[in-house]
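In what follows, a single structure is set out as structure tokens and then discussed.
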Amino acid sequence: MGQARVTSSSEDPRVTELRTAVSRLRRELAGHPAEFPDRGIAEDELAALDAMAISGEPEIPRLRRSLLLIAGAIGSVSALAVALRDVRVAVDLFGEPPRG
């Protein structure tokens with residue numbers, strides 16, 4: 001807290017927020033000692049979110065799909081709840097997918 005984020009002027013702040021949140025959750029997941037059946041799914045989807053963020057123009061439906069898979073995979077691991085919430089908040093910054 002209290003630290004200003006330094007970003008390039010051309011990077012979308014939503015992308016910066018997503019990359020930061022994904023990075024944090026990846027670190028916390030990597031450091032979490034317990035193994036659980038869907039850990040690989042969470043790791044794969046976090047890698048997909050990171051790749052979408054790096055591209056600079058993530059697809060909203062794909063972001064939401066990855067978020068649901070991650071939440072389903074690690075949702076019961078309370079130690080990761082805050083970092084998971086931060087990813088959800090970052091995904092929500094992109095808004096709703098277009099309808100129709």
Side-chain angles (χ1 to χ4, degrees):
M1 296 271 256
Q3 293 181 341
R5 289 199 174 104
V6 177
T7 62
S8 75
S9 60
S10 63
E11 186 170 70
D12 183 336
R14 299 173 303 170
V15 169
T16 303
E17 196 67 32
L18 179 61
R19 292 185 70 195
T20 300
V22 166
S23 177
R24 176 181 176 200
L25 184 52
R26 288 179 94 178
R27 279 191 318 273
E28 289 189 18
L29 181 59
H32 190 65
E35 286 298 320
F36 44 93
D38 294 332
R39 185 181 191 124
I41 293 169
E43 290 169 343
D44 290 347
E45 291 303 319
L46 283 166
L49 280 178
D50 192 44
M52 284 186 273
I54 289 170
S55 78
E57 295 183 24
E59 297 176 30
I60 296 168
R62 181 68 175 105
L63 285 174
R64 295 200 173 280
R65 179 182 177 275
S66 289
L67 177 60
L68 286 173
L69 289 169
I70 293 165
I74 64 173
S76 64
V77 181
S78 61
L80 302 173
V82 172
L84 177 59
R85 184 206 63 221
D86 291 348
V87 171
R88 182 190 54 80
V89 168
V91 168
D92 285 348
L93 292 174
F94 288 89
E96 292 293 319
R99 301 206 187 263

Rounded to the nearest 0.5 Å, how far apart are [atom1] of [X] and [atom2] of [Y]?
X     : Y     : atom1 : atom2 : answer
Ile41 : Ser66 : CD1   : OG    : 12.0 Å
Leu80 : His32 : CG    : NE2   : 5.5 Å
Glu45 : Leu63 : CD    : CG    : 11.0 Å
Phe94 : Glu59 : CZ    : CD    : 12.0 Å
Arg65 : Leu68 : CZ    : CG    : 9.5 Å
Leu29 : Leu46 : CG    : CG    : 6.5 Å

Should the pair Arg14-Asp92 be classified as a salt bridge under the 4.0 Å nitrogen-to-oxygen rule?
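The answer is no: the pair does not qualify as a salt bridge.
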
Looking only at the side chains, is there a donor atom on one of Arg27 and Ser23 sitting less than 3.5 Å from an acceptor on the other?
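Distance-only check passes for Arg27 and Ser23.
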
Criterion side chain to side chain contact (heavy atoms under 4.5 Å, CB included) against Leu25, the qualifying member of Ile70, Val82, Asp86:
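So, applying the side chain to side chain contact (heavy atoms under 4.5 Å, CB included) to Leu25 and each of Ile70, Val82, Asp86, only Ile70 qualifies.
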
When hydrophobic residues are tied together by side-chain contacts of less than 4.5 Å, even through go-betweens, does [X] share a cluster with [Y]?
X     : Y     : value
Val89 : Leu49 : no
Val87 : Phe36 : yes
Leu69 : Val77 : no

Distance-only, no hydrogens or angles: does the Arg39 side chain make a donor-acceptor pair with backbone N or O of Ala34 under 3.5 Å?
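It does hold such a pair.
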
Is it the case that the side chain of Ser55 and the backbone of Met52 share a donor-acceptor pair, with hydrogens and angles ignored and the cut-off at 3.5 Å?
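At least one qualifying donor-acceptor pair exists.
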
Which atoms form the tightest heavy-atom contact between Arg64 and Gly95, and what is the distance?
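Taking every non-hydrogen atom into account, NH2-O, 3.0 Å.
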
Between Leu18 and Val91, is there a side-chain heavy-atom distance shorter than 4.5 Å?
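They are in side-chain contact.
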
